[in-house]
Amino acid sequence: MNTSTKSPIVTYFDWNIIAYYRDFLFKNEMKYSDQFEKIQKLLSDKEILSYYSDAHISDLIPINDPGSFDCSNDLAAISKITQDIYLSYNILDVEFKFLIENPKNIYDHMLKNHNPVLNLETIFEPDDPLGGMLNSFLKMIPSPIPTNSPYKPDNNNTLMDVMKYFTEWNNKTISDPKVYRQRKNELFDADTTNTFQDINSELQNGDTEKFEALLKTLFKHAGKMIKSRLDETMLIFLFLDQVRYASDRAQKNIQADSQHAAYASIADSKYFVSNDKNLLKKTKVAYKILDISTIPIGLDEFLNLFQSV
């Protein structure tokens with residue numbers, strides 16, 4: 001396929017592709033040398049155009065002991081393959097925008113503000129007038145969790161009790177993959193209707209009808225909490241994992257994967273390239289449900305589209 005007379009094909013590379021590219025550039029790893037020589041030619045010939053996102057940068061920042069290792073080669077590889085084209089997201093304005101920015105600057109900013117642990121005392125500061133009002137308001141509302149539910153806080157009196165409980169649960173599952181897997185299995189086993197198992201079976205056969213019905217309910221209840229493609233994709237990935245479809249071992253991985261899938265679709269990219277088979281499977285389901293035209297594809301299959309390179 002010769003696209004030299006056309007505009008560059010917008011292509012988003014998953015972090016695992018860039019990680020192999022880093023090893024090719026800086027560690028003389030020749031396992032994928034043919035592939036990355038082709039990618040470099042496609043970039044130099046302007047047949048493809050790539051960009052990076054916050055998902056690439058957050059992949060470099062571990063939950064514990066952030067900034068403890070030298071990631072200069074990682075950032076250099078991102079810079080080289082994307083030519084510093086950065087898709088930013090403004091969470092306040094719910095706006096995505098392309099910028100030219102060295103990945104090192106984004107990394108430094110994210111590292112400075114890195115705080116994966118949620119803290120209600122920080123969110124609802126009692127000394128702040130608004131925070132004090134929210135504190136009082138949440139303590140006035142009765143807990144919505146039934147007293148016979150196995151997933152309820154020890155103090156299950158108010159909505160604040162519930163928020164504290166799930167905030168602590170979220171912190172534990174992010175920092176400890178074992179806790180995440182344990183809670184996921186508990187929820188799966190508690191499904192006496194076999195809904196999760198039925199959805200899994202249908203997904204394995206390429207059918208998303210029951211899963212989409214579940215999502216409609218979830219999206220309805222989530223309401224205004226879902227503000228962007230990032231939120232939509234995260235919710236889909238989390239529940240794909242809950243029904244054990246292409247499941248992952250850690251919540252952080254799911255968050256990172258869903259962000260890559262979302263960022264890959266926002267700029268109307270033609271391809272989302274990854275060598276993670278489970279990520280590709282989940283992304284295909286998400287794109288089908290969200291009616292996204294971006295094509296999830298493996299590296300070799302992607303390069304085979306450019307036979308003349």
For [X] and [Y], which heavy atoms make the closest approach, and how far apart are they?
X      : Y      : answer
Ile48  : Ile39  : CD1-O, 4.4 Å
Phe237 : Leu279 : CE2-CD1, 3.7 Å
Ala246 : Asp241 : O-OD1, 4.5 Å
Asp70  : Asp74  : O-OD1, 4.2 Å
Ile78  : Pro103 : CG2-CG, 3.7 Å
Thr283 : Ala261 : OG1-CB, 3.7 Å

Within the 3.5 Å criterion, strictly below it, is a donor on Asp276 or Ser274 matched to an acceptor on the partner's side chain?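 Distance-only check fails for Asp276 and Ser274.
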Side chains of Asn253 and Asp248, donor plus acceptor under 3.5 Å: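 Side chains of Asn253 and Asp248: pair found under 3.5 Å.
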In terms of ring plane angle, is the pair Tyr52 and His56 parallel, tilted or perpendicular, where the classes change at 30° and 60°?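 Tyr52 and His56: perpendicular rings.
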Sidechain-backbone polar pair: [X] side chain, [Y] backbone, donor-acceptor under 3.5 Å:
X      : Y      : result
Thr233 : Leu230 : no
Ser50  : Thr11  : yes
Ser79  : Leu75  : no
Ser269 : Tyr271 : no
Glu29  : Lys31  : yes
Asn105 : Glu101 : no
Asn304 : Asp300 : yes

Nearest 0.5 Å please: distance from the [atom1] atom of [X] over to the [atom2] atom of [Y].
X      : Y      : atom1 : atom2 : value
Thr294 : Ile292 : OG1   : CD1   : 6.5 Å
Leu240 : Leu214 : CG    : CG    : 9.5 Å
Met234 : Asp231 : CE    : CG    : 8.0 Å
Tyr287 : Ile295 : OH    : CD1   : 10.5 Å
Leu43  : Lys38  : CG    : NZ    : 14.5 Å
Leu238 : Lys184 : CG    : NZ    : 10.0 Å

Is atom [atom1] of [X] surrounded by more than 12 heavy atoms (other residues, nucleotides or ligands) closer than 6.0 Å?
X      : atom1 : value
Glu95  : CD    : yes
Lys270 : NZ    : no
Phe96  : CZ    : yes

Determine whether Leu60 and Met110 satisfy the following criterion, side-chain contact (heavy atoms from CB on, under 4.5 Å), listing intermediate values before the conclusion. CA-CA 10 Å; Leu60 300 176; Met110 290 184 66; over 6 Å; no
Side chains of [X] and [Y] in contact at under 4.5 Å (non-hydrogen atoms):
X      : Y      : answer
Pro177 : Arg249 : no
Phe272 : Ser265 : no
Asp14  : Val273 : no
Tyr86  : Ile100 : no
Lys97  : Tyr89  : no
Ile297 : Leu280 : no
Ser58  : Gln259 : yes
Glu47  : Ile9   : no

Go through it in stages, so that I can follow the logic: the residues are Arg229 and Glu232, the test is side-chain contact (heavy atoms from CB on, under 4.5 Å), and I'd like the CA-CA distance, side-chain angles, deciding distance and then a yes or no. CA-CA 5 Å; Arg229 178 70 54 76; Glu232 293 173 328; 3.6 Å; yes
Show, in sequence, the C-alpha distance, side-chain angles and deciding distance for Lys104 and Asp108, and conclude whether the salt bridge (charged side-chain N to carboxylate O under 4.0 Å, His left out) test is met. CA-CA 6 Å; Lys104 178 67 165 58; Asp108 289 343; 2.8 Å; yes
May I have the step-by-step check of side-chain contact (heavy atoms from CB on, under 4.5 Å) for Phe196 and Gln242, ending in yes or no? CA-CA 8 Å; Phe196 290 164; Gln242 180 56 59; 3.7 Å; yes
Mind checking side-chain contact (heavy atoms from CB on, under 4.5 Å) for Ala19 and listing every partner two or more places apart, or none if nothing turns up?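 side-chain contact (heavy atoms from CB on, under 4.5 Å) list for Ala19, sorted by chain: Trp15, Arg22.
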For the residue pair Lys281 and Tyr245, would you count it as a cation-pi contact if the rule is NZ or CZ under 6.0 angstrom from the ring centre and within 45 degrees of the ring axis?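 So Lys281 does make the cation-pi contact.
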Using a 6.0 Å distance limit plus a 45 degree cone around the ring axis, check whether Arg244 lies over the aromatic ring of Phe188.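 Arg244 over Phe188 ring: yes.
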So that I know where these two stand, are Tyr12 and Tyr51 an aromatic pair - ring centroids less than 6.0 Å apart?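 For Tyr12 and Tyr51, the ring centres are under 6.0 Å apart.
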So, applying side-chain contact (heavy atoms from CB on, under 4.5 Å) with Phe36, which one of Asp23, Leu25, Ile17, Leu303 is it?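 Of Asp23, Leu25, Ile17, Leu303, side-chain contact (heavy atoms from CB on, under 4.5 Å) with Phe36 is met by Ile17 alone.
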Stepwise side-chain contact (heavy atoms from CB on, under 4.5 Å) test for Ile199 and Phe239: CA-CA 10 Å; Ile199 290 174; Phe239 276 88; over 6 Å; no
